[in-house]
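Shown next, in structure tokens, is the structure this report addresses.
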Amino acid sequence: MSTQSTPTNVVIVLGTRPEIIKFAPVIRECIDREVPFTLVHTGQHYSPDLDEVFFDQLELPAPDVHLGVGSDSHGKQTAAMLEGVEEVLFDVEPDVVLVQGDTNSTLAGALAAAKLNIEVGHIEAGLRSFDREMPEETNRVVVDHIADYLFTPTSETREYLEREGLSDRIFVTGNTVVDAAHQYADVAAEKSTVLDELGLEPGEFYLLTAHRAENVDQLDRFSSLLDGVAQFADETGWDVVYPIHPRAQNRIDAFDLEVPDAIRLVEPLDFLDFLRLESTAALAFTDSGGVQEETCILGTPCVTLRYTTERPETVYVGANCLAGLDPVDIVDAGRQMLGKRPDWDVPFGDGRAAERILDLLTAPTSPTAGTIPAETPQ
Ligand code: UDP
């Protein structure tokens, strides 16, 4: 870690829906404090449903640079982003590059900066599923090891980073997803009309999201997941609402997969509508990282359709249950979680993560690891 002080010129690299949502509080904080920043969008997510709608609704400035990379194999996509981000860094010469999460955009942003000896701040550092078959896990590990500031959400993630020898750069800040959920859940309750539009009663429907490659790219796994959720839903007769990610829709079309009647496919939702469904569903079934966190924050029990999670805190506090993909296990997990009282402590912080990150980045002298209390902020 360098001893350079007070980064005043920031480049923010993002490219996907969850990065836009989790960066929103940080961008807002930069604007409020008049910290100069350049926003670079890689174009990893490009359909308006997963991209523009979030810039509009979260009232974010349009990206200063759009690389327009789009979908491709991991290597080609990451290489194109790396080249594009490097050009921007030559031009802007920032003090620090901020990346968030575990996508190829995160990897490319961090790697381009590290190679030019520009400091890297990784927001949501330290998450580990310990499953190297997930491409996201490779990205997390590599980015944490080349970053200078590890803005980690919890004491659990801090421990993972310490075990990997990174103690000199850890700052436990909480997760900016709490900031975003706090900032928008009340607005969603007031403004969203999604329940009426979909004819749903609060507490009498289930929410489903599934789009991870390891779940939807193989027919047997995808069918097993859908069958399990549908069998559980049939026990109560309540509908399952599935805002379908373009990747999953492509797979359904390619496999000619028949989706069970209990599952209603709807277009991907904007953030306010999705938060409203997350807050009012009886139960959420998901393979998404962000949805595991948000349901925990919003008090909705969650069943995770995976065998591992990089958010084990949600399981430890009783908000989430790891079911895997076998229909019998999904039904069991649904029974176990349905009606569970949401009396758990939220392990991801107090909604001031972005504030802490900006305090650190704009400190008059280079921050020392541990200047934020090592305990998870509640
Ligand atoms: N989300 C949304 N609309 C949807 C589905 C998800 O706004 O139809 C939001 C959700 O609130 C969360 C984020 O998208 O903040 C999760 O994104 P995703 O599941 O794509 O990514 P992951 O969290 O798994 O990386």
Side-chain angles (χ1 to χ4, degrees), residues 14-26 44-58 60 71 99-107 123-124 127 129 131 134-137 139-140 143 153 175-185 187-188 191-192 194 197-198 206-216 225 240-250 263-281 284-298 300 302 304-306 308-311 314 320 348 353:
L14 50 71
T16 65
R17 172 171 69 184
E19 290 164 88
I20 301 167
I21 292 169
K22 288 174 170 176
F23 253 130
V26 176
Q44 184 170 345
H45 278 176
Y46 46 86
S47 94
D49 285 356
L50 265 61
D51 178 18
E52 280 158 33
V53 71
F54 292 91
F55 277 88
D56 288 349
Q57 200 166 57
L58 303 177
L60 299 176
S71 304
V99 294
Q100 195 285 332
D102 56 21
T103 69
N104 287 345
S105 303
T106 317
L107 176 65
I123 299 174
E124 201 177 71
L127 275 63
S129 66
D131 175 2
M134 290 180 74
E136 294 91 340
E137 184 76 351
N139 294 343
R140 291 179 194 120
V143 173
N175 195 317
T176 58
V177 73
V178 183
D179 311 22
H182 284 185
Q183 284 164 20
Y184 293 99
V187 186
K191 290 198 172 158
S192 168
V194 70
E197 282 162 34
L198 296 177
Y206 307 110
L207 180 63
L208 167 64
T209 78
H211 70 275
R212 302 234 88 78
E214 63 274 18
N215 279 353
V216 303
L225 176 163
V240 180
V241 179
Y242 182 6
I244 186 104
H245 191 284
R247 177 190 195 103
Q249 182 67 63
N250 284 345
I263 297 179
R264 285 171 60 182
L265 300 188
V266 299
E267 293 296 312
L269 297 170
D270 64 36
F271 191 47
L272 293 187
D273 284 348
F274 192 75
L275 274 180
R276 186 76 186 127
L277 291 193
E278 273 184 310
S279 307
T280 54
F285 292 89
T286 194
D287 64 4
S288 154
V291 174
Q292 291 174 65
E293 291 162 347
E294 286 167 355
T295 48
C296 177
I297 295 162
L298 298 168
T300 299
C302 181
T304 294
L305 305 166
R306 289 173 40 190
T308 58
T309 179
E310 59 294 316
R311 273 96 175 167
T314 55
N320 186 14
F348 298 115

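Order of appearance sets the numbers: ligands from 1, and atoms from 1 within every ligand.
The atoms of ligand 1 that sit less than 4.0 Å from any heavy atom of R212 are 24 (O). Of all atoms in ligand 1, numbered sequentially from 1 with element shown, those under 4.0 Å from a heavy atom of S288 are 16 (C), 18 (P), 19 (O), 22 (P), 23 (O), 24 (O). Within ligand 1, counting atoms from 1 as listed, the ones closer than 4.0 Å to a heavy atom of F271 are 7 (O), 11 (O), 15 (O). Ligand 1 places these atoms under 4.0 Å from at least one heavy atom of P268: 8 (O). Atoms of ligand 1 lying under 4.0 Å from at least one heavy atom of L269, given by number and element, are 2 (C), 3 (N), 4 (C), 7 (O), 8 (O). Listed by number with element, the atoms of ligand 1 under 4.0 Å from a non-hydrogen atom of G290 are 22 (P), 23 (O). Those atoms of ligand 1 that come under 4.0 Å of a heavy atom in F54, given as number and element, are 2 (C), 7 (O). Annotation for ligand 1: atoms under 4.0 Å from non-hydrogen atoms of P243 are 8 (O).
Contact record, A210 with Y242: O-OH, 2.7 Å, taken as the closest heavy-atom pair.
Between K22 and E293 there is a salt bridge, with a side-chain nitrogen of the basic residue lying less than 4.0 Å from a carboxylate oxygen of the acidic one. Residues E136 and R212 are paired through a salt bridge, judged by an N-O separation under 4.0 Å between the basic side chain and the carboxylate. A salt bridge between D102 and R140 is present, with a side-chain N of the basic residue lying under 4.0 Å from a carboxylate O of the acidic one.
Shown here is F55, whose CZ atom has more than 12 heavy atoms of other residues, nucleotides or ligands within 6.0 Å.
Taking all heavy atoms of E19, Q292, R17, H245 into account, the minimum distance to atom 5 (C) of ligand 1 is reached by R17. Of the listed options T16, I21, L50, I21 places a heavy atom closest to atom 9 (C) of ligand 1.
A donor-acceptor pair under 3.5 Å is absent between the side-chain atoms of Q100 and the main chain of F23, judged by distance alone.
The side-chain heavy atoms of I244 and V266, taken from C-beta on, include no pair separated by under 4.5 Å.
One distance of note links CD of Q249 with CD of E267; it measures 7.5 Å at 0.5 Å rounding.
Inclusion of E294 in the set of residues having an N or O under 3.5 Å from an N or O of ligand 1 is warranted. Between H45 and ligand 1, no N or O atom pair is found at a separation short of 3.5 Å. Residue contacts with ligand 1: G289 is placed with a nitrogen or oxygen under 3.5 Å of a nitrogen or oxygen of the ligand (distance criterion only).
Not a single heavy atom of E267 sits less than 4.0 Å from an atom of ligand 1.
For E52, the side-chain contact (heavy atoms from CB on, under 4.5 Å) partners are P48, not counting sequence neighbours. Residues forming a side-chain hydrogen bond (donor to acceptor under 3.5 Å, both in side chains) with D179 (at least two apart in sequence, or on another chain): none.
At a 4.0 Å heavy-atom cut-off, ligand 1 does not touch E136 at all.
Relative ring orientation between H45 and H245 is described as perpendicular, the plane-to-plane angle rising above 60° on a 0-90° scale split at 30° and 60°.
Of all protein heavy atoms, the one lying nearest to atom 1 (N) of ligand 1 is F274 CD2, 3.6 Å. In terms of protein heavy atoms, atom 25 (O) of ligand 1 is closest to P18 CG, 3.6 Å.
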